[in-house]
Structures are given as structure tokens and as C-alpha cells.
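Data first, discussion second: the structure below is written as C-alpha cells.
Note on naming: letters A, B, ... go to the chains in the order of the sequence lines (proteins, then strands), and numbering restarts at 1 for each one. Scope of the values below: all heavy atoms of this structure, side chains included, with no hydrogens, waters or symmetry mates.
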Amino acid sequence: MNSYESIFSRLFSEYGPQSWWPADTAFEIMVGAILTQNTAWLNVERALANLKSAQLLCAEALLNTTAEELAPLLKPSGYFNVKAQRLLAFVEWYCAEGQYPTLKSIKTLELRKRLLSVKGVGPETADDILLYAFNRKVFVIDAYTRRIFSRLGHVEITTSYEVLRACFERHLAKQDVALFNEYHALIVKHGKDVCKTRPDCSCCCLDSCCPKQGVKEN
DNA sequence: ACCCAGGGTCATA
DNA sequence: TATGACCATGGG
């Protein structure tokens, strides 16, 4: 068992199954993936609740919306003007592609390429959507992942998204969607619950994955 | 008052 | 290719 695998098993025994992504529908996952860009999930939930109350959490309804009426509903999740436009750009693409029934039969690599062509969808958002809405075997890299694994000495902090993703996908023997799903969720759980509240890392299940006090790491 | 969050785009060098 | 500015709210 290599270090990538042992870190997973330590996280899993510490926190247990996370059952991601928290959402009622695949479309809600995609909307959430855009709204959570550089934003705390609690604030995303408020924006999603606003959309749900306005009956706007489906593609057909969103398509008949403007950025002007969308922005106020997205306010709690921050960057509301930007995200209103990103959401519209995504929904226009999504409907033009024939929505889920058509998209689900496209090969993963091709689907990823098309997602990345949408303005406002970058590598992490695309991979969130691929893994959690389409159940594709891609490993999602986020800021927590890069920080934790560079602190543990496995990668440089400057390692690019694609290189880091390839690194994870290569080091996991069990090439399994459920594993990739759980691993990313556990990393986020660990990042939220431990690395912030216990900066000395003294009770951290990963041993010094947190910054030493007083030491900066850009 | 400060730092950061489940990023991405665009302009500059 | 690689930084920097910008987007903006809410919690700790």
C-alpha cells in the first residue's frame, strides 16, 4: 500500500463514509459545483435554497432567466454577478447539448473537453461534475489536496492541476469511481474540520499535514 | 480588524 | 508560462 492509499485509509477510519455529493439531483450537483468556486459550502446552500424556492433549480427554468434576476438569489454565495453569468453560460451549453440523457453517453475525455469549453467551468468544476454528477472516474484536485500533500512532502505546492490529478489517478490501485468519490470528500472533510481548528496538528490523523505555526507557505 | 472558503478569467510581462 | 487583480459574501 503506497502513501496515497494509506492516507485514504487513515482518513476513512477517522471520518467514515461521506456519501457525497449532497444534492437531490444531478443538475443540482452541477449548479452547486459552480456556486462553490472559492466559496464556503454553507453559503452555497443558502443560494441553492433561494433557487429552489424560486423554482429555478432545473435547466428549463434557468434557461428563461436573466443574470439580473439571478444575481440577487446568488448573493449569499458571493461573486454573485460573476456566478449568475457562469450559471447561464453553463445552462445554455447544457440544454444545447441535450441535457443529461445525451451527455451521459459521451466518453469521459470528450465530455471533460466540452465542459472545459464553457466559460466559468475550469478543471476542478469540470471534474466535480464528471465525478459526482456523471459518476466518471476522475480525481478532483482542490486547494486542500494540494496543501495537504505538499505539507506531507509528496508533491510541490506549485504542482499543476493536471499533473497532480494524474499523480492520484496513477497511485491508486483500485481504479474505482466510489473510491475517487470518497477520497476527495474525505480530503475536504479533513481540511474543514481539522486543519483549521487544530493548527498544531497534534491530534491530526495524518500527522503534521498542517502548517507549522509561524511558518508561511505561499 | 483580519483571513479564508469545496476557483476561474483576464490583462500583463 | 507565470504571476497579479478581480470577483464578494459570511464564519471564525
Short side-chain donor-acceptor distance under 3.5 Å, A:Gln175 and A:Lys137
yes
A:Thr125 versus A:Gln37, side-chain donor and acceptor atoms under 3.5 Å:
yes
If hydrophobic clusters are built from ILVMFWY residues whose side chains come within less than 4.5 Å, do A:Leu152 and A:Phe12 share one?
yes
Round to a whole Å and report the spacing from [atom1] of [X] to [atom2] of [N].
{"X": "A:Leu35", "N": "C:dG10", "atom1": "CG", "atom2": "P", "answer": "14 Å"}
{"X": "A:Leu70", "N": "C:dA8", "atom1": "CG", "atom2": "P", "answer": "13 Å"}
{"X": "A:Glu162", "N": "C:dT1", "atom1": "CD", "atom2": "C1'", "answer": "15 Å"}
{"X": "A:Met30", "N": "B:dG7", "atom1": "CE", "atom2": "C1'", "answer": "19 Å"}
{"X": "A:Ile29", "N": "B:dG6", "atom1": "CD1", "atom2": "C1'", "answer": "14 Å"}
{"X": "A:Leu73", "N": "C:dA8", "atom1": "CG", "atom2": "P", "answer": "15 Å"}
{"X": "A:Arg46", "N": "B:dA5", "atom1": "CZ", "atom2": "C1'", "answer": "13 Å"}
{"X": "A:Tyr79", "N": "B:dA5", "atom1": "OH", "atom2": "C1'", "answer": "8 Å"}

Taking N or O atoms only and anything under 3.5 Å, show me the protein contacts with nucleotides 11-13 of chain B, one pair per line.
none

Picking from A:Ile129, A:Asp127, A:Val177, what satisfies side-chain contact (heavy atoms from CB on, under 4.5 Å) with A:Val138?
A:Asp127
Sole candidate of A:Leu103, A:Leu115, A:Ile106 that passes side-chain contact (heavy atoms from CB on, under 4.5 Å) when paired with A:Phe134
A:Leu103
Parsed dot-bracket for DNA chain B after applying the Watson-Crick and G-U rules with both distances under 3.5 Å and | for other-strand partners is .||||.|||||||
How close do A:Tyr161 and A:Glu124 get, counting heavy atoms only, and between which atoms?
OH-CA, 3.6 Å
What one should report as the nearest heavy-atom pair of A:Leu88 and A:Ala67 is CD1-N, 3.4 Å
Look at the side chain of [X] and decide which nucleotide, out of [options], has an atom nearest to it.
{"X": "A:Val82", "options": "C:dT9, B:dG7, C:dC7", "answer": "C:dC7"}
{"X": "A:Val188", "options": "C:dC7, C:dG11, B:dG6", "answer": "B:dG6"}
{"X": "A:Asn81", "options": "C:dA8, B:dG6, C:dG11", "answer": "C:dA8"}
{"X": "A:Leu42", "options": "C:dG11, C:dC7, B:dG6", "answer": "C:dG11"}
{"X": "A:Trp41", "options": "B:dG6, C:dG11, B:dA5", "answer": "B:dG6"}

Which pairs, protein N/O on one side and nucleotides 8-10 of chain B N/O on the other, fall under 3.5 Å?
from: B:dG8; atom 1: OP1; to: A:Gly122; atom 2: N; distance (Å): 3.0
from: B:dG8; atom 1: OP1; to: A:Gly122; atom 2: O; distance (Å): 3.0
from: B:dG8; atom 1: OP1; to: A:Pro123; atom 2: N; distance (Å): 3.4
from: B:dG8; atom 1: OP1; to: A:Glu124; atom 2: N; distance (Å): 3.3
from: B:dG8; atom 1: OP1; to: A:Thr125; atom 2: N; distance (Å): 3.0
from: B:dG8; atom 1: OP1; to: A:Thr125; atom 2: OG1; distance (Å): 3.0
from: B:dG8; atom 1: O4'; to: A:Arg86; atom 2: NH1; distance (Å): 3.4
from: B:dT9; atom 1: OP1; to: A:Gly120; atom 2: N; distance (Å): 3.0
from: B:dC10; atom 1: OP1; to: A:Lys119; atom 2: NZ; distance (Å): 3.3

Apart from A:Tyr79 itself, its cluster of hydrophobic side chains linked below 4.5 Å comprises A:Val82
Base, sugar-phosphate, or nothing: which does A:Asn43 touch, judged by heavy atoms less than 4.0 Å apart?
base
Quick one: list whatever passes ring-ring contact (aromatic ring centres under 6.0 Å, His included) with A:Phe90, sequence neighbours left out.
A:Trp93, A:Tyr94
Just how far is it from atom CZ of A:Arg10 to atom OG of A:Ser3, taken to the nearest 0.5 Å?
10.5 Å
Mutual orientation of the aromatic rings belonging to A:Tyr4 and A:His154 [parallel < 30°, tilted 30-60°, perpendicular > 60°]:
tilted
Using the [atom1] atom as the reference point in each nucleotide, state the distance between [N] and [M] in Å, no decimals.
{"N": "C:dC6", "M": "B:dG6", "atom1": "P", "answer": "24 Å"}
{"N": "B:dC10", "M": "C:dA8", "atom1": "P", "answer": "15 Å"}
{"N": "C:dA5", "M": "B:dC4", "atom1": "P", "answer": "16 Å"}

Strictly below 4.0 Å: does A:Arg147 bring a side-chain N or O up to OP1 or OP2 of B:dA5?
yes
Which residues pass the side chain to side chain contact (heavy atoms under 4.5 Å, CB included) test with A:Thr36, not counting sequence neighbours?
A:Trp21, A:Trp41, A:Val44
Could you walk me through whether A:Arg146 and A:Val155 satisfy the side chain to side chain contact (heavy atoms under 4.5 Å, CB included) test, starting with their C-alpha distance in whole Å, then the side-chain angles of each, then the deciding distance to 0.1 Å, before giving a yes or no?
CA-CA 8 Å; A:Arg146 184 175 283 103; A:Val155 297; 5.5 Å; no
